[in-house]
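Proteins come first, then strands; the chains are lettered A, B, ... in the order of their sequence lines, and each starts at number 1. The structure presented is a predicted model; accordingly, all values stated were derived computationally and were not measured.
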2 protein chains.
Amino acid sequence: MHKYKLLLNPSLDETVHVVNEALKKGFLSLLVGLCRVNYKGRASSVLGWGERLVIIKRDGSVLVHRTWDFQPVNWQPPGSVLQASTRGRNLTIRSVRLKPRESLEIEFEKVFSVLVMDLVDEAEFTMYASEKDMQKAVMANPELVEEGLRPLVKEKEVEHGFIDVYAVDREGNIVIIELKRRIATSDDALQLSSYVEEVKKRSGGRGVRGILVAPSASKKALFLLEKHGLEFRTLNPQKCAELVESSSKRITDFF
Amino acid sequence: MHKYKLLLNPSLDETVHVVNEALKKGFLSLLVGLCRVNYKGRASSVLGWGERLVIIKRDGSVLVHRTWDFQPVNWQPPGSVLQASTRGRNLTIRSVRLKPRESLEIEFEKVFSVLVMDLVDEAEFTMYASEKDMQKAVMANPELVEEGLRPLVKEKEVEHGFIDVYAVDREGNIVIIELKRRIATSDDALQLSSYVEEVKKRSGGRGVRGILVAPSASKKALFLLEKHGLEFRTLNPQKCAELVESSSKRITDFF
DNA sequence: TGCTAAATCTCGAAC
DNA sequence: GTTCGAGGTTTAGCA
């Protein structure tokens, strides 16, 4: 951390100065105090007086956090334009987004602490076990779904959307595979069904199967699959990520 | 604010003590320092060394924020069980969630500041212009959609889900209304289409219309509506909220 | 820029 | 406890 500034029980004028300065320099600001919040834009919201944490980031995003809940109670996304000012006896922070037009107003009656910092963070963030990882794993190791399966195309476009994996089974049937990294829902089953119906229309009498592949599925999803003559296979996204990882490692080792 | 504690450049042992104490008492903790983060559970992620803000809330939720982005880079939802400890020369904060099993590990090499507070926040949070508001408005003022429309049921159950508003038009046709508070997508059009098809099967030859009602719609959504013989009406959720508000006020005034 | 689909989606309500 | 659907969803990828 190169620079920081800490104020305890600051005057509102002092706070305005420090926050506007932080905004100009692109520093991170944390404010804790007694405030109320109004939002108007895609929807409207009102939050009465209470003690909260307000975070102002260098990209213009604003977060209002209560002492509970993962989600901020109010916020403004990156790119919003923000200004702090004193009006009467209170401090107001106003943030406006242009597209879509929406505005957030935080009014402080009392600020307990202000912490402004120039944090240094150059690290990369990497995630594994996404749906893309499952797709790669199934393309490279189709036996994860079924012995003898031959994947032909991924992301095959059809009228309603995209088929995750388009394959052919041992007996020459077309196999439509829908992948989900989470518990499959009835929506997922219906989506697969619509893909299968569409492919059936153009398959010229060739057999068409549909397989929903996910770590698990809801009861209604399983019921709908059964009803539409579709199948379900269990597949753990973490296992897929490990496979993708180890195979890319093997390639790296080779060179 | 009843109580708070602030540490600047604390030792890691001191930090462990204060954080565990805060957890026990259900206070909000803010930590700023140099850390790295690993997550494993529904997915996996790795984040290298960098300076960040860590928020620990009284319900057990944990947030790791970088100086940019609206979203936390890593997190743990409410109900997770957390513990701080020193291992070797570093401070580790470990948070575990049981269902689904996932764990977050934050390792601090250096803590710049710790702020622990007992924030008081009893205020209510209220939101307007939800889809429910649109539903109420259309039930009470069906002319928002079409002159002469008579709404019969809301949340009518059909095989695939629930019809937002089930109505009859001037000419006695059944009208299926699907409401969206945001720009309508092609999925929304297809959902409406499936409702209409299902109702047609049981309508005994009676005319069935489908209307998608939203502030606007994507091109593909409009194309699909056209293709399936469905209709679109513009309706602003904010306007609906105002109507609902003013009518409930009228009722209040009456008593 | 608009649009589509994934997300460690989260969150709440209904069952 | 499970499931389902809304959300100021956000975000990234791609046309």
Side-chain angles (χ1 to χ4, degrees), chain A residues 37-45 61 68-78 80 97 99-104 125 127-135 155 157 160-162 164 178-188 191 215-223 237-238 241, chain B residues 37-45 61-62 64 69-80 95 97 99-104 125 127-135 155 157 160-162 164 179-188 191 215-223 237-238 241:
Chain A
V37 187
N38 284 288
Y39 159 77
K40 187 148 191 177
R42 286 169 292 174
S44 306
S45 75
S61 38
W68 65 91
D69 276 359
F70 161 78
Q71 289 264 190
V73 62
N74 279 111
W75 71 91
Q76 202 70 297
S80 307
R97 183 193 196 184
K99 224 176 152 125
R101 178 88 191 183
E102 43 191 354
S103 66
L104 181 71
F125 175 73
M127 267 261 311
Y128 311 93
S130 65
E131 198 183 291
K132 271 278 173 292
D133 284 334
M134 291 179 79
Q135 198 181 59
E155 304 290 344
E157 187 166 13
H160 282 27
F162 289 84
D164 288 331
E178 176 67 25
L179 299 169
K180 291 294 160 190
R181 67 166 316 291
R182 39 141 183 92
I183 302 166
T185 68
S186 45
D187 271 1
D188 301 331
Q191 193 187 3
S216 68
S218 74
K219 275 180 201 160
K220 199 173 177 186
L222 291 174
F223 170 80
Q238 292 279 8
Chain B
V37 188
N38 284 287
Y39 159 77
K40 186 147 192 178
R42 287 169 290 175
S44 306
S45 76
S61 37
V62 181
V64 182
D69 277 358
F70 162 78
Q71 289 264 192
V73 61
N74 278 112
W75 71 91
Q76 201 70 298
S80 307
S95 169
R97 184 194 195 184
K99 227 179 151 121
R101 178 87 189 183
E102 44 191 354
S103 66
L104 182 71
F125 176 72
M127 268 261 309
Y128 310 93
S130 65
E131 197 184 291
K132 270 277 171 294
D133 284 334
M134 291 178 79
Q135 196 181 60
E155 305 290 344
E157 187 167 12
H160 283 27
F162 290 84
D164 287 332
L179 300 168
K180 291 295 161 192
R181 67 165 318 289
R182 41 145 180 88
I183 302 166
T185 68
S186 45
D187 269 3
D188 301 331
Q191 192 187 4
S216 68
S218 73
K219 274 181 201 161
K220 198 171 178 186
L222 292 173
F223 170 81
Q238 291 278 9

Listed partners of [X] passing side-chain hydrogen bond (donor to acceptor under 3.5 Å, both in side chains), at least two apart:
X        : answer
A:Ser80  : none
B:Glu131 : none
B:Lys132 : B:Glu155
B:Ser61  : B:Asp59

Show every donor-acceptor pair shorter than 3.5 Å between a side-chain atom in residues 216-223 of chain B and any protein atom, with sequence neighbours excluded, or say none if there are none.
{"residue": "B:Ser218", "atom": "OG", "partner": "B:Ala221", "partner atom": "N", "Å": "3.2"}

Using atom P of each nucleotide, how far apart are D:dG8 and D:dC4 to the nearest Å?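 22 Å, rounded to whole Å.
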Heavy atoms of chain B, cut-off under 4.0 Å: which first and last nucleotide of DNA chain C, 5' to 3', fall inside that, if you could look?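 Listed 5' to 3', the contact boundaries are C:dC3 to C:dC11.
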Sugar-phosphate, base or nothing in reach of B:Pro78, heavy atoms under 4.0 Å: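 Sugar-phosphate contact only.
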Summary of protein contacts for nucleotides 2-10 of chain D, nucleotide by nucleotide, where a base hit scores B, a sugar-phosphate-only hit scores S (4.0 Å, heavy atoms): SSS-SSBSS
Of all residues at least two apart in sequence or in a different chain, which pass the side-chain contact (heavy atoms from CB on, under 4.5 Å) check with B:Ala43?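 With sequence neighbours excluded, B:Ala43 shows a side-chain contact (heavy atoms from CB on, under 4.5 Å) to A:Met127, A:Ala129, A:Arg181, B:Tyr39, given in chain and number order.
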Any residue meeting ring-ring contact (aromatic ring centres under 6.0 Å, His included) with A:Phe70, in chain and number order, not counting sequence neighbours: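 For A:Phe70, the residues satisfying ring-ring contact (aromatic ring centres under 6.0 Å, His included) (neighbours in sequence not counted) are B:Trp75.
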Mind checking whether B:Arg101 and B:Lys40 have side chains closer than 4.5 Å, heavy atoms only?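 Counting from C-beta outward, B:Arg101 and B:Lys40 never come under 4.5 Å.
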